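Structure record follows, encoded as structure tokens.
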Amino acid sequence: MAIKLKVPNIKGDECAKKITKSILTMESDAKVDVNVDTKTVTVDTVASEESIKQIIQSAGFTIEGY
């Protein structure tokens, strides 16, 4: 299941790496794409959307509308 989230406080590649690492630490089979230009995170995973949101927030990022 692909989950696409708007993460407005992505600043650059370091943020993208941090988000990707956080998600892969919890969900090693996930496919993560962080687009710095559009400030979106797309995750293809079997995990729930709620758990992905919590991982991103735990990494210190906000999710638009959440």
Side-chain angles (χ1 to χ4, degrees):
M1 178 177 83
I3 300 164
K4 187 171 184 177
L5 303 167
K6 183 87 168 162
V7 184
N9 60 337
I10 294 174
K11 304 274 190 270
D13 289 339
E14 288 305 311
C15 294
K17 288 177 190 169
K18 185 175 181 181
I19 290 170
T20 301
K21 184 179 178 195
S22 296
I23 293 170
L24 292 177
T25 297
M26 302 300 287
E27 301 293 335
S28 59
D29 293 338
K31 292 183 183 78
V32 182
D33 177 52
V34 180
N35 187 317
V36 175
D37 296 328
T38 61
K39 300 187 183 305
T40 56
V41 178
T42 306
V43 185
D44 193 1
T45 181
V46 296
S48 71
E49 182 173 333
E50 185 66 26
S51 66
I52 296 301
K53 286 178 177 178
Q54 288 176 355
I55 293 167
I56 293 170
Q57 284 189 312
S58 294
F61 296 91
T62 56
I63 298 165
E64 194 171 277
Y66 181 69

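What you see is a predicted model, and the numbers here were worked out from it, not measured in a lab.
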Which heavy-atom pair separates [X] from [Y] by the least distance, and what is that distance?
| X | Y | answer |
| --- | --- | --- |
| Gly60 | Asn9 | O-ND2, 3.6 Å |
| Leu5 | Lys53 | CD2-CE, 3.6 Å |
| Ile3 | Ala47 | CD1-O, 3.9 Å |
| Val34 | Ala16 | CG1-CB, 3.6 Å |

Please round to the nearest 0.5 Å and tell me the distance separating atom [atom1] of [X] and atom [atom2] of [Y].
| X | Y | atom1 | atom2 | result |
| --- | --- | --- | --- | --- |
| Met1 | Thr45 | CE | OG1 | 7.5 Å |
| Asp13 | Lys18 | CG | NZ | 15.0 Å |
| Thr62 | Lys39 | OG1 | NZ | 10.0 Å |

Problem set entry | Exercise: do Thr40 and Asn35 side chains pair donor with acceptor under 3.5 Å | no
Exercise. Do Tyr66 and Gln54 have a side chain donor and acceptor closer than 3.5 Å?
Worked result: no
For this session: Any chance you could lay out the side-chain contact (heavy atoms from CB on, under 4.5 Å) test for Thr42 and Asp44, step after step, and finish with the verdict?
Result: CA-CA 7 Å; Thr42 306; Asp44 193 1; over 6 Å; no
Exercise. Which residues satisfy the salt bridge (charged side-chain N to carboxylate O under 4.0 Å, His left out) test with Glu14, sequence neighbours excluded?
Worked result: Lys17
Problem set entry | Atom NZ of Lys21: over 12 foreign heavy atoms under 6.0 Å | no
